[in-house]
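Side-chain atoms are counted along with the backbone in the values below, which use heavy atoms only and exclude waters and symmetry mates. Every chain is numbered from 1, with letters handed out A, B, ... down the list of sequences.
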Amino acid sequence: MNDLNFRAPKGTRDILWPDSERHQRLVDIFSAVVGEAGYTQVITPMFEHIEVFQRLGDATDVVRKEMYDFQDKGGRHLALRPEQTASVVRAFAEHRPNIPWKVWYTGPNFRYERAQKGRFRQFSQVGVEALGTEDPYLDVEVMALAWRFYERLGLSQIKLEVNSLGNKDDRVRFIDTLSQHFEKYLKDLSEESQKTLEANPLRVLDSNREQDRDLIASAPNMIDFLSEDAKKHFLLVQEGLNALDIPFTVNSKLVRGLDYYVRTAFEFVAESFDAAQNAVGGGGRYDGLAEDLGGPPTPGVGFAIGSDRTLLACEAEGVFQTSESVTEVFVVDTTGGLAAVSLTDQLRSAGFKTDRAWDNRSMKAQMKAADKSGALIAVIVGEEELATDTVTLRDLREFTEQMEIKKETIIETLRKRLR
RNA sequence: GUGAUCGUAGCUCAGUUCGGUUAGAGCACCUGGUUGUGGUCCAGGAUGUCGGGGGUUCAAAUCCCCUCGGUCACCCCA
């Protein structure tokens, strides 16, 4: 086994082909889906002044205990981003682009946590943020984008849950009543939830513990605390989803881990995926955040989708698994290798995915390498071909006869065979 | 941060209960099966500080302690 210091750090991993290709294609598909809706890409730094993330809320574990923070040589207190919404909204506040500002992003985020299935210390997300309007149909657009994205990957066992957390005032009133409810039965609550209650009562609703189940079921319902305004917003969101035939369930217990959400909150759960971490995406509205980050009061809505988890869900459903061969043509050269040098270059320039064997190995070894490469056709150059200015083509996938052709006709011939 | 479980060749694993000859298998890899031809078959070959450190013992992959890492769950979240 390798020396400890030469292993990927705890909670991180190397992603090799073909997984690396799936990650890349996932981003390609995402960018296509959101591009069709007018979202442009924004690339923000992977680290920020720590204050940017602290605006996400002191009660959230993500900033309280999971952040990778450090001092740089200039004495600045920085942190690797644990998510990208804060960075994107910071960028909005800094540059004041025209609204509505509709953007998408991708890239790694960092959280200091214990790894488990679908959870890593460095994990990758794709997401969108749309700032500048309160229109409930924008909430619908955002949710629909995520939905269509899952569809395009081939996923069918994704469940959308939505809730409204109300306006800020509604939230305060609800949290008040909720706290009273739990405090009344404090001794029945699990020890962990008692602690959560102190820090952030809303989150008690998120507890998975058996012991808390009954108390959570009998807890007051957020829906009953919505102001007229928030109620109307929520209804229009649901109408919009219905109009698009996107199935969803209202889950009044759905609370998001990040404190900035108001009104719409939603989560995508992969039902195919038997792990505790089965939320593959989530988001909501964050109308106060731009102001908190030094911008003008601007409403916003967005989501983040976990790439790693989404790919795990794909695996569980058996979709999005294809990984095409990276080679079409394989050059075998038994004359020393120089012929292969120019031939591969020529074929690559003509647009064929071309590879070759190295180290001047035996014909047999080179043919084995050609087969393993997944190539469809081997182009063979031996002493004979070299002398007559020809090459031999051999089909590696069908048992057809091989043929010897003039070297200058090779591109034309390969086009006919492969295109 | 808490708990459970695991760590032997590149990969999947056997061997660990009751310590004892040069630590094994399959896959993958390399060479060959006559002098230029892959995918099947056959023959041969290379490969391990048995995660790391310490201890017990005549003797440790095997027992004990510490540590690092993986996996899963709690927590939290994507």
Who does rC74(B) pair with, Watson-Crick or G-U, both distances under 3.5 Å? rG1(B)

Whether Glu51(A) and Arg55(A) form a salt bridge (side-chain N of Lys/Arg under 4.0 Å from carboxylate O of Asp/Glu) is what I want to check. no

Please measure how far the C1' atom in rC50(B) lies from the corresponding atom in rA23(B), and state the result in whole Å. 8 Å

Between rG36(B) (C1') and Leu386(A) (CG): distance, integer Å: 13 Å

Should the pair Trp104(A) and Phe30(A) be assigned to parallel (<30°), tilted (30 to 60°) or perpendicular (>60°) ring geometry? perpendicular

On RNA chain B, check which nucleotide each of Arg114(A) and Asp206(A) is closest to and give me the residue with the more 5' one. Arg114(A)

From rG33(B), rC75(B), rC68(B), pick the nucleotide closest to the side chain of Arg7(A)? rC68(B)

Taking atom C1' in both rG52(B) and rC29(B), compute the distance separating them and give it to the nearest angstrom. 28 Å

Quick note, Lys368(A) side chain, CB onward, closest among rG39(B), rG69(B), rC77(B) is rG39(B)

Is there a donor and acceptor pair closer than 3.5 Å between the side chain of Arg119(A) and the base of rC72(B)? no

Using the P atom as the reference point in each nucleotide, state the distance between rC11(B) and rG70(B) in Å, no decimals. 15 Å

If I pick the C1' atom on rU22(B) and the same atom on rC66(B), what distance separates them, to the nearest angstrom? 32 Å

When rounded to whole Å, the NZ to C1' distance for the pair Lys65(A) and rU2(B) reads 10 Å

Between rG39(B) atom C1' and Lys372(A) atom NZ, what is the distance in whole Å? 11 Å

Assign each of Ser124(A) and Pro9(A) the nucleotide of RNA chain B bearing its closest heavy atom; nearer the 5' end lies the nucleotide of Pro9(A)

Are there over 12 heavy-atom neighbours, none belonging to Ile43(A), within less than 6.0 Å of that residue's CD1? no

Per the atom types in the model, does the base of rU37(B) pair as donor or acceptor with the side chain of Gln366(A) at under 3.5 Å? no

So what's rU22(B) paired with, Watson-Crick or G-U wobble, going by both distances under 3.5 Å? none

Picking from Arg119(A), Arg22(A), Arg13(A), what satisfies salt bridge (charged side-chain N to carboxylate O under 4.0 Å, His left out) with Asp308(A)? Arg13(A)

Less than 3.5 Å between a donor and an acceptor, one on the side chain of Glu113(A) and one on the base of rG1(B), is that the case here? no

Please state how far atom CZ in Arg361(A) lies from atom C1' in rG32(B), giving the value in whole angstrom units. 13 Å

No-H, no-angle donor-acceptor pair, Asp371(A) side chain to rG38(B) base, under 3.5 Å: yes

Ignoring hydrogens and angles, answer whether the base of rG39(B) and the side-chain atoms of Arg397(A) contain a donor-acceptor pair closer than 3.5 Å. no

Between Arg356(A) and Trp358(A), is NZ or CZ placed under 6.0 angstrom from the six-membered ring centre and within 45° of the ring axis? yes

Expressed as a whole number of Å, how far does the P atom of rG51(B) sit from that of rC58(B)? 25 Å

Considering every strand and a 4.0 Å limit on heavy-atom distances, what is the contact class for Glu385(A): base, sugar-phosphate, or nothing? base

Please pick, from rA73(B), rC76(B), rG70(B), the nucleotide with the shortest atom-to-atom distance to any side-chain atom of Val62(A). rC76(B)

So does Lys407(A) have more than 12 non-hydrogen atoms from other groups sitting under 6.0 Å from NZ? no

Please report the distance, rounded to the nearest Å, between CG in Leu312(A) and C1' in rA78(B). 11 Å

Taking the P atom in each of rU31(B) and rG38(B), what is the distance between them to the nearest angstrom? 13 Å

